[in-house]
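Let me begin by presenting the structure, written as structure tokens, before commenting on it.
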Number of protein chains: 2
Amino acid sequence: MTNTHALPVFRQIVDDLKRQIADGQLTEHAALPSERVIAELHAVSRMTARRALEAVEAEGLAYSKRRQGRFVSPKRLMYDVGSMANFVAGAAAQGIEIEMELLESTTIQASGTLVETLSAAHGTKLYQNTRLIRSKGHSIFVETETVIAERCAALWPGPDNVDLQRQRYSPLGHTAEIVIRMCALEPDPARLLGAMPYQAGIEQEQLSRDESGAPICFSHQIWRGEMAQFSATAIISR
Amino acid sequence: MTNTHALPVFRQIVDDLKRQIADGQLTEHAALPSERVIAELHAVSRMTARRALEAVEAEGLAYSKRRQGRFVSPKRLMYDVGSMANFVAGAAAQGIEIEMELLESTTIQASGTLVETLSAAHGTKLYQNTRLIRSKGHSIFVETETVIAERCAALWPGPDNVDLQRQRYSPLGHTAEIVIRMCALEPDPARLLGAMPYQAGIEQEQLSRDESGAPICFSHQIWRGEMAQFSATAIISR
DNA sequence: TGTGATCTCTGGTATATACCAAGATGAATC
DNA sequence: GATTCATCTTGGTATATACCAGAGATCACA
């Protein structure tokens, strides 16, 4: 297929696929045509079909499962970072069920950048938990949370607690500094999220403080970018 | 070059380039080796070299200029969305100069989704401005701002005002609802930003309200994702 | 019925090749 | 010194081909 001065062929295929998704012909988690099928359908080489599918994926409209196919991404979830730390509660209010899986729970000693971030002395006892958050079986983000043990003994009984997975999402602290940025998904979190390594995602860091301003908890979240949508309310201080 | 069970070849090239950037061998805005040079250097086909460079680009570590080459991306800028609307002031405090270019300034009448968003009657007079924000000649984001004329006559003299470009960045309103999400850059903003169409970026919407809660201004910003970093402070209300 | 081998389909990697259009450059010319 | 023009380089598009490894279905056999 030759082409002069018009839209690139692979771009036309992208538009076709996007239209099908928008139209509802392809619904959430439905399989997209495979590379080979698209190649035949549009009479292009497989590489061109592949470029088109990769573009749709890069836009966050689809995700791929190795050796299985590409599928339509589910809709975005809203996360109100302003009222913070209640992503789960907020999701519940929207009628969205969230599943949390505790991947790892350890007790470590403060070192490296954590010392500065948490204003904790070297060797301070810290609880560290890694969780994978899903909705309807679809991975949304991975969270690694580091808590200063002594500063929240009452609020948080420690890694042995059964209700651990919910605990984090009841308010811990009084204020939180949040940073959000785009990032490339490293292989490890990408695997957990079922995403391609190094595809674009969202990284979020939260540092929670208590009434006195002392850090309690540092949380690092890695989101599938196309799943995330962050809201906040700003107040013009003057 | 054959390869079994190790890292894919193009990934190794990516790591090599990333190392050079991290080491400082390649500094901000320095040209990366071209596709053909990398192909020769690593003894791979041009397509493989290309994949590597595209991957580096997708990670936000480089940007490409058509027919000129690929260059190392500058460092991220921080934007405090919590205190809002003072991105320029914030940047100044960091010693970063920001340039604003007014691309378009029109007076329109409320219609479509703007009617709902701004709670304005159909046909209400609106000022609409599109600006491109740069730092050191490097495009960062495009903003389209829609202001209800009558609700801010005093604060904002209208599109004829000379100081227009600064005006917006002095607090307008008392609160703002902000939404941040990852997106694919549409061809138009991509061109303005000097980015590839459909690469991943950040989309931000701000709805400013006055003391009474009435909407004043709706702002839609499209950021080069690798340039953005958004911070906020959350308060746990309980 | 259950189990294991096989076969098909999938995306992922890699090469070699070809052409295009426009920026950069420098030589020849005015 | 300024202008024109050819050349080289660049990224972008597109094809054809080849192989790999694993998920899923199927089918033969115990």
Side-chain angles (χ1 to χ4, degrees), chain A residues 1-17 29-58 61-73 185 187 190-191 194-199, chain B residues 1-17 29-58 61-73 185 187 190-191 194-199:
Chain A
M1 180 175 284
T2 57
N3 166 281
T4 24
H5 279 304
L7 262 188
V9 175
F10 84 92
R11 212 76 258 178
Q12 297 176 29
I13 300 176
V14 168
D15 289 342
D16 182 47
L17 291 169
H29 301 293
L32 294 175
S34 75
E35 298 177 356
R36 286 153 175 99
V37 167
I38 288 187
E40 185 140 359
L41 218 62
H42 289 79
V44 296
S45 78
R46 193 190 142 199
M47 291 307 286
T48 303
R50 182 179 176 74
R51 285 176 56 105
L53 283 163
E54 278 180 339
V56 172
E57 204 176 331
L61 294 170
Y63 60 97
S64 76
K65 285 197 202 172
R66 196 170 184 159
R67 285 164 212 116
Q68 292 180 59
R70 289 188 174 83
F71 307 87
V72 179
S73 294
L185 301 179
R191 192 170 28 75
M196 284 299 298
Y198 302 107
Q199 82 174 51
Chain B
M1 179 175 282
T2 56
N3 167 283
T4 23
H5 279 306
L7 261 188
V9 176
F10 84 93
R11 213 77 255 177
Q12 296 176 31
I13 300 176
V14 168
D15 289 342
D16 183 47
L17 292 168
H29 301 292
L32 294 175
S34 75
E35 299 176 356
R36 288 159 176 94
V37 167
I38 287 187
E40 186 139 356
L41 219 61
H42 289 80
V44 297
S45 77
R46 191 189 146 202
M47 291 308 285
T48 302
R50 180 180 177 72
R51 284 176 58 106
L53 283 164
E54 279 181 338
V56 172
E57 204 177 329
L61 294 171
Y63 60 97
S64 76
K65 284 196 203 174
R66 196 171 182 155
R67 285 166 215 115
Q68 291 181 60
R70 289 190 174 80
F71 308 86
V72 179
S73 295
L185 300 180
R191 191 170 29 75
M196 283 299 299
Y198 303 107
Q199 81 175 52

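Labels below follow one simple rule: chain letters A, B, ... track the order of the sequence lines, proteins then strands, and each chain is numbered from 1. Basis for what follows: all heavy atoms, side chains included, without hydrogens, waters or symmetry-related copies.
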Measure from CZ on B:F10 to P on C:dA16 and round the result to the nearest Å. 18 Å
Interatomic distance where CD1 belongs to B:I13 and C1' belongs to C:dT15 [whole Å]: 13 Å
List the residues meeting salt bridge (Lys or Arg N to Asp or Glu O under 4.0 Å) with A:D16, not counting sequence neighbours, and say none if there are none. A:R19
Evaluate the side chain to side chain contact (heavy atoms under 4.5 Å, CB included) criterion for residues B:R70 and B:Y63: first the C-alpha distance (whole Å), next the side-chain angles of each, then the deciding distance (0.1 Å), finally the verdict. CA-CA 6 Å; B:R70 289 190 174 80; B:Y63 60 97; over 6 Å; no
With sequence neighbours left out, write down each residue that passes ring pair (Phe, Tyr, Trp, His ring centres under 6.0 Å) with B:Y198, or none if nothing qualifies. none
A:R70 side-chain N/O to C:dC9 phosphate OP1/OP2 under 4.0 Å: no
Regarding D:dG12, can its base be found pairing with the side chain of A:R51 as donor and acceptor, where the two atoms are less than 3.5 Å apart? no
Pairs under 3.5 Å (N/O, protein and nucleotides 23-26 of chain D):
{"residue": "D:dG24", "atom": "OP1", "partner": "A:Q68", "partner atom": "OE1", "Å": "3.3"}

The criterion is salt bridge (Lys or Arg N to Asp or Glu O under 4.0 Å); which residues satisfy it with B:R50, sequence neighbours excluded? B:E35, B:E54
Nearest-neighbour nucleotide for the A:V9 side chain, D:dA14, C:dT10, D:dA16 considered: D:dA14
For A:F10, ring pair (Phe, Tyr, Trp, His ring centres under 6.0 Å) partners two or more places apart: none
Proximity to the side chain of A:V37 - top-ranked nucleotide from C:dT15, C:dT13, C:dT10: C:dT10
Measure from the side-chain N and O atoms of A:Q199 to the backbone N and O of A:M196, and report whether any donor-acceptor pair falls under 3.5 Å. yes
From D:dT10, D:dT15, C:dT15, pick the nucleotide closest to the side chain of B:R36? D:dT10
Just to confirm, is there a sub-4.0 Å distance from OP1 or OP2 of C:dT15 to any side-chain nitrogen or oxygen of B:T48? yes
Nearest whole Å is fine: how far is D:dG11 C1' from B:I38 CD1? 12 Å
My understanding is that only residues two or more places apart in sequence, or in another chain, count here; which of them pass salt bridge (Lys or Arg N to Asp or Glu O under 4.0 Å) with A:R67? none
How close or far is atom C1' of C:dA18 from atom CZ of B:R50, stated in whole angstroms? 14 Å
Interatomic distance, B:E35 CD vs D:dC8 P [rounded to whole Å]: 20 Å
Separation of A:R11 atom CZ from D:dG12 atom C1', in whole Å? 12 Å
Look at B:S45 and C:dA14 and indicate whether a side-chain polar atom (N or O) is within less than 4.0 Å of OP1 or OP2. no
Whole Å only: how far is the CZ atom of B:R46 from the P atom of D:dT9? 13 Å
Taking CG from A:L7 and P from D:dG12, how many angstroms apart are they, rounded to a whole number? 16 Å
